[in-house]
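Below is one structure, written out as structure tokens; comments come after it.
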Amino acid sequence: MLRPLRRAFYARSPVVVARALLGRMLVRETRAGKLAGVIVEVEAYGGARDPASHAYRGETPRNRVMFGPPGHAYVYVSYGIHHCLNVVTGRPGEASAVLVRALAAVAGEKAMARRRGVADPDRLMRGPGCVAQALGLTRAEDGADLTRGPLWIADRPADRDGRAIAAGRRIGITRAVARRWRFYLAGHPCVSAPRRTARRTKTLHR
DNA sequence: GTATCGATTAGC
DNA sequence: CTAATCGATACA
């Protein structure tokens, strides 16, 4: 029987949780049916110590959930258009999180393809905005408790398809760009390889 | 108050 | 390369 990962799993540093999430199955149960995918790409974000984090400058209405207990979803609107799913990690108040950047679909592909308007299975959830669109996640899911349904991550050994965990720079940020806090399954077709170099870099900040 | 930037994406 | 579009931030 598949159960959700318990809160203790999330109560660790974002880097540790990020790596531990690779190969785990994320499940979203809707009235229309069950959507699921294996996590293949993530990014870690620190709180007050990480200039690239939404929590770096303190609590706001948007990031409030980050400052709460771990194991909850932080869903925000990116560029006014897309939604992005994060998992809150660490101790309450630490405001660290893991951004879910890509999944390999294992259930509900048809519903995902309909929502995405895309047929290619590898492109259903490649990129954080695509993940949220395929799963139908919005600000309504902000604060959802991942240790219970209907949005949860399964307590089952990671299935990494025999692939190594690779690390690289986080995508799309301009601060603390030196940190190699993006983790992904090497060579996986659902991983979004960075295409452009990031815009203007503001801080290296190791 | 106004101006600009972004943990993005699709399209030209 | 750019538009899309809004919360947060920077600044007058």
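Only this structure's heavy atoms are used, side chains among them; waters, hydrogens and symmetry mates stay out. Every chain is numbered from 1, with letters handed out A, B, ... down the list of sequences.
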Problem set entry | Side chains of S192(A) and R126(A), donor plus acceptor under 3.5 Å |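 Absent: no donor and acceptor within the cut-off.
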Once you round it to whole Å, what is the distance between [atom2] of [N] and [atom1] of [X]?
| X | N | atom1 | atom2 | answer |
| --- | --- | --- | --- | --- |
| I171(A) | dG6(B) | CD1 | C1' | 15 Å |
| F183(A) | dA7(B) | CZ | P | 18 Å |
| Y45(A) | dG6(B) | OH | C1' | 11 Å |
| Y76(A) | dG6(B) | OH | C1' | 9 Å |
| H83(A) | dT9(B) | NE2 | P | 13 Å |

Taking atom [atom1] in both [N] and [M], what distance in whole Å separates the two?
| N | M | atom1 | answer |
| --- | --- | --- | --- |
| dG7(C) | dA10(B) | C1' | 22 Å |
| dG1(B) | dT5(C) | P | 23 Å |
| dC1(C) | dA7(B) | C1' | 22 Å |

For this session: Examine distances only and state if a side-chain atom of R180(A) and a backbone atom of A167(A) form a donor-acceptor pair shorter than 3.5 Å.
Result: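 Side chain of R180(A) to backbone of A167(A), a donor-acceptor pair under 3.5 Å: yes, one is there.
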Exercise. Do the charged groups of R28(A) and E141(A) touch, with an N to O distance under 4.0 Å?
Worked result: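 Result for this pair is yes, salt bridge flagged.
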Exercise. Do NZ/NE/NH1/NH2 and the carboxylate oxygens of R62(A) and D142(A) come within less than 4.0 Å?
Worked result: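 A salt bridge is absent here (no side-chain N lies under 4.0 Å from a carboxylate O).
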For this session: Please say whether the positively charged group of R170(A), taken as NZ for Lys or CZ for Arg, lies over the ring of Y45(A), i.e. under 6.0 angstrom from the six-membered ring centre and within 45 degrees of the axis.
Result: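 Yes, cation above the ring, under 6.0 Å and within 45°.
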Exercise. With sugar-phosphate meaning primed atoms plus P, OP1 and OP2, does R116(A) contact a base, only sugar-phosphate, or nothing at under 4.0 Å between heavy atoms?
Worked result: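 Since only primed, P, OP1 and OP2 atoms lie under 4.0 Å of R116(A), the category is sugar-phosphate.
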Problem set entry | Test of ring centre spacing under 6.0 Å for H83(A) and Y76(A) |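 Distance test on ring centres: not under 6.0 Å, no.
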Exercise. Does the side chain of K202(A) get closer than 4.0 angstrom to OP1 or OP2 of dG6(B) through an N or O atom?
Worked result: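 K202(A) to dG6(B) OP1/OP2: side-chain N or O found under 4.0 Å.
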Exercise. So, is R123(A) near the phosphate of dT9(B), with a side-chain N or O under 4.0 Å from OP1 or OP2?
Worked result: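 Negative; the distance criterion is not met.
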Problem set entry | Contact state string [nucleotides 4-11 of chain C, B base, S sugar-phosphate only, - no protein heavy atom under 4.0 Å] | BBBSSSS-
Problem set entry | Identified pairing partner of dT9(C), criterion: Watson-Crick or G-U wobble below 3.5 Å |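 Across any shown strand, dT9(C) pairs with dA3(B).
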For this session: Output, in order, the C-alpha distance, side-chain angles, deciding distance and verdict of side-chain hydrogen bond (donor to acceptor under 3.5 Å, both in side chains) for T201(A) and T174(A).
Result: CA-CA 4 Å; T201(A) 292; T174(A) 58; over 6 Å; no
